[in-house]
Amino acid sequence: MRTFPLLFSLLFIFFIQHHLQAVAELCSTFSCNQHRRDPILFPFWVPDNQTSRCGYPGFGLSCNSAGQTLLPFKPDHLIVQGISYPDQLIWVSDPNHCIPKRVLEFSYSELMPFGYGPYDSAYTFLNCSGPKVDPDQLPGGVSVISCMSGGNYTVVVAFDDVSEAKMRRKCEVVKKVNAAFWWRGMEYGVFPMDMSDVFVQLSWDVPSCVNCMLRGGSCGLVGDSGLEVGCYLPASSGLPKSAKYGLMLGAGIPGFLCIIGLTFYISSRVSARNQNRHYSNTESSPSIFPQPIIITLGLDAPTIESYPKTILGESKRLPKPSDNTCPICLSEYEPKETLRSIPDCNHYFHAECIDEWLRMNATCPLCRNSPQASSALAGS
Ligand SMILES: *[C@@H]1O[C@H](CO)[C@@H](O)[C@H](O)[C@H]1NC(C)=O
Ligand SMILES: *[C@@H]1O[C@H](CO)[C@@H](O)[C@H](O)[C@H]1NC(C)=O
Ligand SMILES: *[C@@H]1O[C@H](CO)[C@@H](O)[C@H](O)[C@H]1NC(C)=O
């Protein structure tokens, strides 16, 4: 009987696919809190509850009994306050409510695989002896760190050189560090009264899943070993997950039963006619599973070269009014320099600056638009 191998292979495919789906589900929906908010996605994973194939080395997280997500760190963990996967940023706070003290102790090697990323800036910590400093008496651009201060000294942080110079008269510099603190209102130039319990913003570069996410996919490790990262694009026409499940249950199971019936029917007919072409049946069945596509980090040279170039004339006038400084190297545009603009968003940069950037990132450094995403989608 020829039916058995065929039936067996169909069953095998069916169960393998179910198993794969189960693994993918486990990796994509784990969350530390009961309400399943903030699912932990690749490259992050929770070693206590997920297999090592769910995440990337160095990105292991854990949960505490309060449902908080923790980033393991020496000498104490940090609390994860948020993760932006498209921006590759993670915001952390200190469980002991004294993040500036932690930042003074961090070393760059301990931070790996994270760094302060593109938004770091210089912070000067100063120690002011004498009676407690009244926060209202401080100049703008200086905040108190109450958790590091004592009865007859106050530790403050200065956000810029001018404020630092003002404070130097009365206080001693403890340390100047590059870091990326984050607090609400920061983007409007508002400084916190007290820096004790703000967040720190960390970023990561590798693995990069920005291109994949822009295409609506999700990243994951490819195969059973190694660190190759693949982009799993949603199967067929971007149906929502629930609809896909509905399809699998609604069409999959009856369809499966039909296939079994049909298999019996065809194989009996076919064996009677002594033909054996029906095996191709298994190959043409639609694939339920996303195919990994290997992603590249930046854009290739021909793509970069295809973006519009402008040679600046004596008048230094740009086709689009904007300020006269390249946002990447911060130097002013000079006549005869070659500028390049990014299609879609029309931001201008020195060609040599933006080319370097695009080789590593496929997004506009100003607005994070991805010129590649639209062209890639149109091309595929
Ligand atoms: C995660 O793993 C820990 C320890 O193995 C266990 O106590 C906890 O219940 C697990 N959480 C979930 C949501 O499975
Ligand atoms: C600030 O100075 C006081 C003594 O005036 C000292 O006890 C304290 O450790 C200093 N703090 C820092 C962070 O240097
Ligand atoms: C700090 O203040 C306490 C009283 O609050 C005083 O006894 C001590 O001498 C002061 N220390 C210094 C270094 O000024």
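Atoms within a ligand are numbered from 1 in the order they appear, just like the ligands themselves.
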Query raised in the report: How is the hydrophobic cluster of Val142 composed, in terms of its other members, when Ile, Leu, Val, Met, Phe, Trp and Tyr link through side-chain heavy atoms under 4.5 Å apart, directly or indirectly?
Result: Leu126, Val133, Leu138, Val144, Val156, Met167, Val173

Requested in this report: Give yes when the SG atoms of Cys63 and Cys32 are nearer than 2.5 Å, otherwise give no.
Outcome: yes

Query raised in the report: With only distance considered, is Ser129 within less than 3.5 Å of ligand 2 through an N or O on each side?
Result: no

Query raised in the report: Is the number of heavy atoms from other residues, nucleotides or ligands within 6.0 Å of CD (Glu187) greater than 12?
Result: yes

Requested in this report: State which residue, out of Glu305, Glu352, Glu356, fulfils the salt bridge (Lys or Arg N to Asp or Glu O under 4.0 Å) condition with Arg340.
Outcome: Glu305

Query raised in the report: Between Cys128 and Cys171, does the SG-SG distance stay under 2.5 Å?
Result: yes

Query raised in the report: Can Asp160 and Lys166 be counted as an ion pair, charged N to O under 4.0 angstrom?
Result: no

Report summary line: Residues with a heavy atom under 4.0 Å from ligand 1, by chain and number, are Phe30, Asp48, Asn49

